[in-house]
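Here the structure is laid out as structure tokens; the discussion comes afterwards.
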Amino acid sequence: MNNTIRIKLSIMMFLEFFIWGAWFVTLGTFLGNNLKASGSETAAIFSTQSWGAIVAPFIIGLIADRYFNAEKILGILHLIGAFLMYQMYQSEDVGMFYTYVLSYMILYMPTLALVNSVSFNQMKDPEKEFATIRVWGTIGWIIAGLSISYLFHWDSAEGISSGLLKNTFLLAGIAAFILGLFSFSLPKTPPKVSDEKIKIGDIIGLDALKLLKDKNFAIFFVSSILICIPLAFYYQNANLFLTEAGVENPTGKMAIGQISEALFLLLIPVFFTRFGFKKTILVGMLAWAIRYVLFAYGNGDDLSFMLIIGIALHGICYDFFFVSGQIYTNSKAGEKYKSAAQGLITLATYGVGMLIGFAVAGWITDNYKMTDGAVNWQMVWIIPAGIAIVVFLLFALLFNEKNKVEEISSAV
């Protein structure tokens, strides 16, 4: 890969995740303050991510992989996305906003696979080269959060009261428009030529259901769905909670989570080698419970350090469970079912699991909203902490790690 292509792919990754980080992190705060959305309405809007994840394999499998160059579809989807972002920026009604964000997510989620396809197509050794490209996506997300807090101050108390958070959609829309145009200059990534008949089961990974005959994999599969319930609470409520707790520059401080994610990603091979898959994933589950206990009993004043530690735990929460889970799935599936198994886990977590999680988070938030409109955040965080502990105990008691060296270390 020459330097010109490397730079282009890095810019692509930076913009891809800058777009997501520019609006999704503050979405809950925007909905509560600008559109006066209820918990259930907020949950429905966040659930569009899950619907996008469910639809994405069909767009990729039925259209992108077979008929069009990946970079061209990437450009078209982002240009349409820029238009939808502008509509979200102008929207003042929850119902219309939901329509726009659902349409946007159905178009955006497939681009996550497309940027990978464009990248892998240029690499001779993806295992060594991809990380140096993908890290620019994490940097893009971090820069988006820092810009909102420290450059534009849209999430300050004054900015929120003035309704400035709607500008996040304009920022994301401009970045989407730039990436849309830029995509047409990316290296050509032609469709896969195949005469085989398309099977829906192949697209969503149904062939990998055979892996559920393995008791341990079935326990991991169910645990993956259940742990998405606490995860949804973080995505849906964290920024709003930090804002109401009086934390200054909450969006910028939440970028600590992405920095943590990048750092702990490097430690996963060490944990796998020394402790094996089960202990590594249990640490990830326990981190969710600890994070939410810190959120429940911390505050924006003398105990603000508890909230910062809770944010910083994101790397352990996400990497030690989800990234470890992807490695475990890869090791269990074998060559024949690798792609199908990863597709099935993605559908189960970001699709089914997050749908359930957002619905539960919305219901809990509504039920712990007091008569003056304030939310009893302590209970809102204690409940997902309890759910994480239950999942932790179930996995610890039921999952029996066998042949961990042979099965896992070879996959790291």
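N239 and T29 share a donor-acceptor pair across their side chains, judged by distance under 3.5 Å alone. Between the side chains of D319 and S324, no donor N or O sits under 3.5 Å from an acceptor N or O. Side chains of Q378 and N376: no donor on one and acceptor on the other come within 3.5 Å. Using modelled atom types, one finds a donor on one side chain and an acceptor on the other under 3.5 Å when comparing E16 with H78. Between the side chains of S149 and D155, at least one donor N or O sits under 3.5 Å from an acceptor N or O.
Results of the ring pair (Phe, Tyr, Trp, His ring centres under 6.0 Å) test with F30 over F24, W23, F169 single out F169 as the only residue that passes. Test F399, F321, F320 against Y328 for ring pair (Phe, Tyr, Trp, His ring centres under 6.0 Å) and you get one pass: F399. The ring pair (Phe, Tyr, Trp, His ring centres under 6.0 Å) test with Y108 singles out one residue from F17, Y100, W20, W51, and that residue is W20.
Counting only distance, with no hydrogens or angles, the side chain of N249 and the backbone of Y150 share no donor-acceptor pair below 3.5 Å. The backbone N or O of F295 lies less than 3.5 Å from no partner atom in the side chain of W381, so there is not a single donor-acceptor pair. At distances below 3.5 Å, not a single donor-acceptor pair connects side-chain atoms of N367 with backbone N or O atoms of I364. Here the side chain of T99 pairs a donor or acceptor atom with the backbone of G95 at under 3.5 angstrom. Checked by atom type and distance alone, the side chain of S38 pairs as donor or acceptor with a backbone atom of E41 at under 3.5 Å. Looking only at distances, no side-chain donor or acceptor of K166 sits under 3.5 Å from a matching main-chain atom of N34. A donor-acceptor contact shorter than 3.5 Å is absent between the side chain of K278 and the backbone of N400. Between the side chain of S91 and the main chain of D93, a donor-acceptor pair closer than 3.5 Å is present. Side-chain atoms of E71 come within 3.5 Å of backbone N or O of T189 as a donor-acceptor pair. Panel note: side chain K36, backbone N33; a donor-acceptor pair is recorded below 3.5 Å.
Atom OH of Y368 has 12 or fewer heavy atoms from other residues, nucleotides or ligands within 6.0 Å. Counting heavy atoms of neighbouring residues, nucleotides and ligands inside a 6.0 Å radius, atom CZ of F152 exceeds 12 of them.
With sequence neighbours left out, Q90 forms a side chain to side chain donor-acceptor pair (under 3.5 Å) with Y86. Scanning for side-chain contact (heavy atoms from CB on, under 4.5 Å) contacts around I76 gives I80, F184, with sequence neighbours left out. Remark: F322 engages Y318 in a ring-ring contact (aromatic ring centres under 6.0 Å, His included) (not counting sequence neighbours).
Ring geometry, F277 versus F220: the interplanar angle exceeds 60°, so the pair is classed perpendicular (tilted spans 30 to 60°).
Atoms OG and CD1, on S260 and I311 in that order, are 10.5 Å from each other to the nearest 0.5 Å.
Ring centers of F46 and Y235: at least 6.0 Å apart, outside the cut-off. Note: F18 and W141 fail the aromatic proximity criterion, with ring centroids not under 6.0 Å apart.
With contacts defined as side-chain heavy-atom distances shorter than 4.5 Å, the pair L393/I389 qualifies. At least one side-chain heavy atom of V94 sits under 4.5 Å from a side-chain heavy atom of L35.
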